[in-house]
Amino acid sequence: MASSRRRFLKTMVSLPGAGALAGCSAAPQEARALRDVYQELGVRPLINAAGTYTYLSASRMPRAVVEAMEAASRHYVNLNELHAAVGKKISALLGCEAALVTAGAASALTLGTAACIAGKDREKIRLLPDTTGMKNEVVIVKAHRNGYDHAVRNAGARLVEVETAQDVERAVNPRTAALLYFNVHGPEGAIKVDEFAALAKKHGVPAFIDAAADIPPVDNYSRFLKMGYDLAAFSGGKVLRGPQCSGMLLGRKDLVEAAALNNNPNTDAVGRTNKVGKEEIVGLWTALELFVRQDPAARWTEWERRCKAIAAAAAPVKAARSEVFVPEIANAVPHLRVIWDAAALGLSPADAVKRLRDGEPRIEVKAVIENGLEIAVWMLEPGEEEIVGRRLREVLQKG
Ligand SMILES: *Cc1c(COP(=O)(O)O)cnc(C)c1O
């Protein structure tokens, strides 16, 4: 069936004027029938053994998502109506009060902050990021400071750093707009994730959490909200494999509604630069439905199988050994660590990474470590684990 479809598409592209149609209706998995846009551009694609890194384009959408986006592209709609309808679907699916599709988790941080600062007040919304006359302080654990807090500052927030629960007690005042927690950095600070939510509750201030990369488990979509967070930001283009420029702001209805008022398509609003189109909105919803319906155990087993396949391919190299590991927090999925004696192989980890990158096909890995490298398998396409394994063995053997 697949091959007859391919033949059909091939016939289509050979008809004058039909190329664009074939290009639209086929999914990336049927790349043979599509234009080779990357060759036209001279941009060399890569096998993603690195993970969901934005600069490597992070994830590939399943075919059903691409098809839903194409279906969405065929009509005009009122974007506010579409946002509301998809928000309803997502909140029903995840069991939260409200949801807004955003331009990535970073945009969810900006919009959630804008909601906490300006609320639904039109004048205040127009003024942001100028926060004159508004609550604008966002309390953050000092050890959580990271590049993504720029998205919070974009809304006009002034970050107030704290280290302990007592610091939070002292920091909260009538100008406090929100308490913000970066879940991935939780272990680096002294305040635990649930304790932080409780502190916010105690002072009647919104608690906001960035949990962008904290799926799986799927339960995390609702866990932090149940814990007491009023808002939570998630990525759509990471494990979910929705559109790369999509994300979600989940949580309290009044705050999510306020975030929507601070968002595109409102022109005089801080979120006007955070546009998601109808295709991304529908694509994210579709990706989420697919993801929550998948069997998590089967997904996990497949990731482990890929790790083992790559480890087995590298096993003939005597000076090297492999181990499967799961990051404790964020991207908590099976990964492979390959370590070797650089002197015995005459090959440094940096050289190995360079050879994988420069070779054919181009392969990017997760990280160079002191005595080897780390490989992510969860963004590989089926069968690519064989290629990664073979190339890794070749690189290690040639030294
Ligand atoms: C990836 C990530 C983001 C940004 O997510 P996008 O969906 O790419 O905007 C924000 N915070 C953390 C902790 C992340 O890992």
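Ligands are counted one by one from 1 in listed order, and the atoms in each one are counted from 1 as well. Side-chain atoms are counted along with the backbone in the values below, which use heavy atoms only and exclude waters and symmetry mates.
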Participant: Is the closest side-chain donor-acceptor distance between H203 and E169 under 3.5 Å?
Facilitator: yes

Participant: Restricting to non-hydrogen atoms, name the atom on I125 and the atom on G119 that form the minimum distance, rounded to 0.1 Å.
Facilitator: CD1-O, 3.6 Å

Participant: Looking at ligand 1, would F182 count as a contact under a 4.0 Å heavy-atom criterion?
Facilitator: no

Participant: For atom 5 (O) of ligand 1, which protein heavy atom lies nearest, and how many Å away is it?
Facilitator: S235 OG, 3.0 Å

Participant: Among protein heavy atoms, which lies nearest atom 4 (C) of ligand 1, and at what distance?
Facilitator: Y148 CE2, 3.4 Å

Participant: Distance alone, cut at 3.5 Å: any donor-acceptor contact between the side chains of R272 and N264?
Facilitator: yes

Participant: How far is atom 13 (C) of ligand 1 from the closest protein heavy atom, and which atom is that?
Facilitator: D210 OD1, 3.3 Å

Participant: Tell me if a side-chain donor or acceptor on N266 pairs with a main-chain N or O of N263 at a distance below 3.5 Å.
Facilitator: yes

Participant: Numbering the atoms of ligand 1 from 1, which are under 4.0 Å from a heavy atom of A213?
Facilitator: 15 (O)

Participant: If I apply the N/O under 3.5 Å rule, does A105 come out as touching ligand 1?
Facilitator: yes

Participant: Less than 3.5 Å apart, any donor N or O on the side chain of K278 or Y76 sitting next to an acceptor on the other?
Facilitator: no

Participant: Answer with side chain, backbone, both or neither: which part of A212 has a heavy atom less than 4.0 angstrom from an atom of ligand 1?
Facilitator: side chain

Participant: Between N173 and E137, is any side-chain donor less than 3.5 angstrom from a side-chain acceptor?
Facilitator: yes

Participant: Is it the case that the ring center of Y229 lies less than 6.0 angstrom away from the ring center of F208?
Facilitator: no

Participant: Looking only at protein heavy atoms, which one is nearest to atom 8 (O) of ligand 1, and what is the separation?
Facilitator: T54 OG1, 3.6 Å

Participant: Looking at A106, which atoms of ligand 1 are within less than 4.0 Å of one of its heavy atoms?
Facilitator: 4 (C), 5 (O), 6 (P), 9 (O)

Participant: Does at least one non-hydrogen atom of K238 fall below 4.0 angstrom from an atom of ligand 1?
Facilitator: yes

